[in-house]
Amino acid sequence: MTADDRAGIQPGRPRAVLAGRLPRLPVLLLATLLLATLLLATLVVPPPAAAMEGTRITPGTGQKPRGSVVTEVASLPVVRPEFPVPGDPGQVFYLQRSSNANTVVYAARFTQDGRLDPRRPVQAYWRRFNTTGEQLPLKMIEDSFAFGVRTRATGDPDVFHVYVVSYPERPATLRLVEPGRAELLLPAGGRTMRMAYAYVDVDESGLVPSVREVLVMGHDAETGKPLVERIEIE
């Protein structure tokens, strides 16, 4: 069954020895240790794909969004009913993947008076539902190429532009609704969607996993009606 079915829709020469003297032993040891360190680094550091859980639209593979369709539905789809749903403080959005139940949560951060934290208004982290459900930070490569989030100030301290690093072409808007509560808004099909969650359909048949399509679920910010955006990836 495809993700659409689940959602109910029809991301040289040796150096001479001076004055006939041999180099001092510490210098030789230092050079040997440095060479050994460099060799070990090239042997034991895994490639990015092996170090990262999940899937990104991988740079250099030609993967990119092909297009999207926004559909109004009767109720917000639950693509994987067996997956736990996070409900963390400040949560504005979460991302599930077909690979397993581990979920990326995006949560707003606030100052003591309930305003958006200008230093870091939103953060992304794992909920490891495939094991204990504990909260864990993203790995460096995940934050840099897959699920990490970046923000840009707008001049209004209650509003920030936000984008996920694997899809910077689709920025959203983080907006303070009231002290201690925020929402994430995304332009979609001529409407503004208040984002709830996304589901990434992953193809793991090849050497490196790739994205088939992404479903983004939310509600029309004006009417409150449920919306699904289906993004095809080529």
Side-chain angles (χ1 to χ4, degrees), residues 2-4 7 9 11 48-49 52-72 76-77 79 91-99 103-109 116 120-126 138-156 158-175 182-203 206 208-222 226-234:
T2 67
D4 286 348
I9 306 172
M52 177 181 67
E53 177 180 343
T55 305
R56 58 196 168 109
I57 301 176
T58 312
T61 65
Q63 278 212 289
K64 60 183 179 179
R66 181 167 53 191
S68 70
V69 176
V70 177
T71 305
E72 186 176 298
L76 203 64
V79 183
Q91 178 178 307
V92 291
F93 184 69
Y94 64 93
L95 183 148
Q96 296 177 330
R97 300 159 304 123
S98 60
S99 309
T103 299
V104 182
V105 175
Y106 297 86
R109 288 166 43 92
L116 290 170
R120 192 182 177 193
V122 64
Q123 62 180 339
Y125 54 86
W126 285 107
L138 300 179
K139 296 175 184 177
M140 181 185 299
I141 196 166
E142 293 167 343
D143 179 70
S144 299
F145 297 105
F147 311 118
V149 65
R150 304 293 183 265
T151 62
R152 187 172 70 252
T154 65
D156 183 339
D158 296 333
V159 179
F160 288 83
H161 294 310
V162 178
Y163 67 89
V164 176
V165 295
S166 58
Y167 199 0
E169 298 86 358
R170 288 292 301 277
T173 299
L174 179 69
R175 185 179 75 89
E183 63 184 3
L184 197 59
L185 304 172
L186 179 71
R191 309 189 192 197
T192 299
M193 178 193 294
R194 183 181 298 108
M195 302 173 71
Y197 81 103
Y199 180 81
V200 181
D201 186 17
V202 180
D203 180 2
V208 177
S210 60
V211 176
R212 290 193 186 97
E213 67 178 14
V214 179
L215 300 178
V216 182
M217 269 68 74
H219 296 86
D220 189 303
E222 292 186 5
L227 300 174
V228 177
E229 180 179 15
R230 175 177 175 268
I231 304 172
E232 293 184 347
I233 308 296
E234 62 182 19

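All values reported here derive from a predicted model rather than from experimental measurement. Residues take their numbers from the sequence shown, with the count starting at 1.
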Please report the shortest heavy-atom distance between [X] and [Y], naming the atom on each side.
| X | Y | value |
| --- | --- | --- |
| S144 | R150 | CA-NH2, 4.0 Å |
| G189 | V70 | N-CG2, 3.7 Å |
| A182 | L116 | CB-CD2, 4.1 Å |

Say you draw a straight line from [atom1] of [X] to [atom2] of [Y]; how long is it, rounded to the nearest 0.5 Å?
| X | Y | atom1 | atom2 | answer |
| --- | --- | --- | --- | --- |
| E222 | M193 | CD | CE | 13.5 Å |
| M195 | E183 | CE | CD | 12.0 Å |
| R230 | Y199 | CZ | OH | 13.5 Å |

Mind telling me whether F147 and W126 have parallel, tilted or perpendicular rings, with 30° and 60° as the class edges?
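W126 and F147: perpendicular rings.
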
Check for a donor-acceptor pair, side chain of [X] on one end and backbone N or O of [Y] on the other, with a separation under 3.5 Å.
| X | Y | value |
| --- | --- | --- |
| T154 | V159 | yes |
| R170 | P187 | yes |
| R212 | D201 | no |

Quick check: are there more than 12 heavy atoms from other residues, nucleotides or ligands sitting under 6.0 Å from CD of E169?
yes

Show the numbers, then the answer: is there a side-chain contact (heavy atoms from CB on, under 4.5 Å) between L174 and T151?
CA-CA 9 Å; L174 179 69; T151 62; 5.7 Å; no

